[in-house]
Protein chains: 4
Amino acid sequence: MKLSEKKSLKKKEQILLSAVKIVNRHGYDGATMEEIAAELLMTKGSLYYYFKNKGDLMYQCHNLILSKAIDELKEHINEEDSAEEMLRNMIITHIDFAIEEQETFNLITRPYHTFNKEQLQEVLKLRKNYSGLFDQVIEKGLSSKAFKIKEPIIARMFMLGSMNWIQQWYNPDGRLSKKELQKIFGDYMIKLLK
Amino acid sequence: MKLSEKKSLKKKEQILLSAVKIVNRHGYDGATMEEIAAELLMTKGSLYYYFKNKGDLMYQCHNLILSKAIDELKEHINEEDSAEEMLRNMIITHIDFAIEEQETFNLITRPYHTFNKEQLQEVLKLRKNYSGLFDQVIEKGLSSKAFKIKEPIIARMFMLGSMNWIQQWYNPDGRLSKKELQKIFGDYMIKLLK
Amino acid sequence: MKLSEKKSLKKKEQILLSAVKIVNRHGYDGATMEEIAAELLMTKGSLYYYFKNKGDLMYQCHNLILSKAIDELKEHINEEDSAEEMLRNMIITHIDFAIEEQETFNLITRPYHTFNKEQLQEVLKLRKNYSGLFDQVIEKGLSSKAFKIKEPIIARMFMLGSMNWIQQWYNPDGRLSKKELQKIFGDYMIKLLK
Amino acid sequence: MKLSEKKSLKKKEQILLSAVKIVNRHGYDGATMEEIAAELLMTKGSLYYYFKNKGDLMYQCHNLILSKAIDELKEHINEEDSAEEMLRNMIITHIDFAIEEQETFNLITRPYHTFNKEQLQEVLKLRKNYSGLFDQVIEKGLSSKAFKIKEPIIARMFMLGSMNWIQQWYNPDGRLSKKELQKIFGDYMIKLLK
DNA sequence: TATGAATGAGTGTTCATTCAT
DNA sequence: CATGAATGAACACTCATTCAT
């Protein structure tokens, strides 16, 4: 890879991070190319050198965060730990993303409104990937008899839903710290699965 | 009340229902006055005869659905039934709304973006009202020793979150019918609380 | 004239007075049919029974006030009084109208924008009429050698302009009362003409 | 300053001049962004690149003309000339602006309707500035005993009013040329003040 | 590469006007 | 006579997108 290409990639990433910030603040629709560019002291025209259009940029934002989350989740999956341990770690990660990344992690309302066909396909693939990791661990728990549950898929969606909702009500200055919350949610999940 | 006033109220309701439909389709921001009017074979100008502005219309949509939901929930609360029975019924109702009403019931992302100050205040009041009904039943279950749980508020949010998420993945043609889903969710909730 | 016609005329006058009030408050463009009607607890649709359109109503407002002013001016013109006395009285009247009637008496900026061709013609006739009364008195003063001035028409416009401007700066709570103002303006006018 | 900035400023000025033309033709309310843009073969969207909104543009129009007028007035104020000479020159300038710039110079009816709070404040400051220059010269005439007048502020408003009115009746093809008019008005003013 | 500038389609809102009842 | 209701044209404003330099 040439130096110039490297530079370009770096810039692209910078823009992406700036965009993520704005999207988390104002949502996909509320984010304007102007504001994203301003964050980096650029002009909106320049964004089109790196991204085909707004949709593309938005898609890559979501993709970036989602991929990051997948990577972090994978780190918790291994042979040594028990299903319960792994799941508790995954819950911590998910809640971290839900609270910290807000909108871009939001496994969005009406994704077909924000993304085009190809993007949507890719997004759905990633999400399947993401959910699959949870399924995998639940499956492991089931085969080791640690968990007992009839509809594991529904249970997984049940769990993810409850965690995604956190961003609607979480208050950093609230009675419970993020850590305590993660602990409680872990407990509930385990209780649910056992 | 005069006949003409009745008629006007009816029209207002018609518009509201039409708006709810559009909002459920495209979200609050995506809904245009034009499309809402077109649904009723009117012109957008006419909408302003009944509603002060788009914000007002959107607010009343949300208010309408939320109030309906509250009313239905209340029907399930009484002295005879056990906390478990009541809760199961409430879950059925909530899932019905989440699936059927989609966006307008969606206990929205960034409500302060969609609603103005006064509207927001009213909306938050209604939501508190709504959640309060769940809290009430959980409380009853706790005092009758039917439920055992340490953080009832968190549990309630856990439950509501999992149900709100349903609209993201529910597929009417899927393996499980809505009814089956409601049953399973009920079971999970009870397991969680016991 | 039939009773019904009399009634209709009365209603027309009521509307006119209401319209004058609104116009004085918001200007010709700023006045809305809605507000004018509301002032009389009517609905705007009804106004069209009495007036062809907004332009017509606006025109008749101006016409009404202007005619009233002409009538009052005429009362000051007679054989006995000196030109100076008559002029002083006319100044008092003019200033009264300028301050009290504001916009409707405003011998308007861009009348061709507010009025149509025929209306404009009529308005210009009335205004000529109005100015003519001042000219008449100035003429009288000139022939009686009470006044000495070379360009009486210009002088008259000079005088009217200075008085019309009063409504831009007059403050009822200011240092000078309306009466004092009228006196001072009278003095200045006489000084100018002598 | 960079070349591009200079260019931008120039464009801004062009737009301003175009806007002034349109406003003089149709008034502040009557001027549409569309028409202003069309005058320069632009589309209205482009105007918003240079001005925040219509109010801003309108304000800057008025500000521009008023500032220009103040500058020209100031050129007539100096130590050598007599108060009378200076005043005659100022009258010429004022009448020039009143006739040539019409609406934008019009020391407007209901400015609080056209301008927002901050703009209004600035406008009023400029106007005070403007009137103050006249007051200054009158004051000078009074202290040199060239003028004798009891209420100099009222006299100044008397004078400005008479001149502002000129734009209502001035006809370039009339009996008197602008120059002759300016001479006559000067004479009247001096007569008034002496 | 980056930018300044321009565009045009879209959207909410206002309001005079019309008309059946 | 009066009204409720509907209309449609007009207008300010936003914003993604384009493109010459």
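Nothing here was measured: the structure is a model prediction, and the numbers come from that model. So you know, we letter chains A, B, ... as the sequences are listed, proteins then strands, and number each from 1.
D:D56 places its CG atom 13 Å from the C1' atom of F:dC13, with the value rounded to the nearest Å. To the nearest angstrom, C1' of E:dT1 lies 14 Å from CD of A:Q14. E:dC15 atom P lies 13 Å from atom CD1 of C:I22, rounded to whole Å. As a whole-Å value, the separation of D:L57 CG from F:dC11 P is 15 Å. Taking atom CD on C:E35 and atom P on E:dA16, their separation rounds to 10 Å, with Å as the unit. Separating the CD atom of A:E34 from the P atom of E:dA5 is a distance of 13 Å, rounded to the nearest angstrom. B:L47 has its CG atom 14 Å from the C1' atom of F:dG8, to the nearest Å. Per the geometry, OH belonging to A:Y28 stands 15 Å off P belonging to F:dA16, to the nearest Å.
C:R110 has a carboxylate O that lies under 4.0 Å from a charged side-chain N of D:E103, or vice versa, which qualifies the two as a salt bridge. Electrostatic pairing of A:K10 and A:E13 does not count as a salt bridge here, judged by no charged N lying under 4.0 Å from a carboxylate O.
As judged by a 4.0 angstrom heavy-atom cut-off over every strand, C:Y50 is placed among residues touching the sugar-phosphate backbone only. Heavy atoms of C:A37 sit nowhere under 4.0 angstrom from any nucleic acid atom. Counting non-hydrogen atoms under 4.0 angstrom, D:S8 reaches the backbone sugars and phosphates but no base.
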Scan nucleotides 17-21 of chain E against the protein and return all N/O pairs shorter than 3.5 Å with their distances rounded to 0.1 Å.
| residue | atom | partner | partner atom | Å |
| --- | --- | --- | --- | --- |
| E:dT17 | OP2 | C:Y48 | OH | 3.0 |
| E:dT17 | OP2 | C:K54 | N | 2.8 |

For a side-chain contact (heavy atoms from CB on, under 4.5 Å) check, start with the C-alpha distance between A:T43 and A:S46, then their side-chain angles and the critical distance, and finish with the verdict.
CA-CA 6 Å; A:T43 56; A:S46 313; 3.3 Å; yes
Let's go through B:E35 and B:H26 carefully: what are the C-alpha distance in whole Å and the side-chain angles of both, what is the deciding distance for side-chain contact (heavy atoms from CB on, under 4.5 Å) to 0.1 Å, and is it a yes or a no?
CA-CA 10 Å; B:E35 197 178 356; B:H26 303 301; 3.1 Å; yes
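Checking each of D:N53, D:D29, D:I36 against D:M58 for a side chain to side chain contact (heavy atoms under 4.5 Å, CB included) leaves exactly one that passes, namely D:I36.
Judged by distance alone, with hydrogens and angles left aside, the side-chain atoms of C:K12 form no donor-acceptor pair with the main-chain N or O of C:F51 at under 3.5 Å.
B:Q102 and B:N106 are not linked by any side-chain donor-acceptor pair at a separation below 3.5 angstrom, with hydrogens and angles left out of the test.
In this pair, D:H62 and D:F115 present their aromatic rings parallel. The plane angle is below 30°, not in the 30 to 60° band.
Ranked by how close their nearest DNA chain E nucleotide is to the 5' end, C:D29 and D:M42 are led by D:M42.
No side-chain heavy atom of C:K11 sits under 4.5 Å from any side-chain heavy atom of C:Y49.
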Writing each nucleotide of DNA chain E 5' to 3' as (, ), [, ], | or . by Watson-Crick or G-U pairing under 3.5 Å yields .||||||||||||||||||||
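Between D:K11 and the phosphate of E:dA6, there is a side-chain N or O to OP1/OP2 separation shorter than 4.0 Å. Phosphate proximity of F:dA6 to B:Y49: absent, as no side-chain N or O sits under 4.0 Å from OP1 or OP2.
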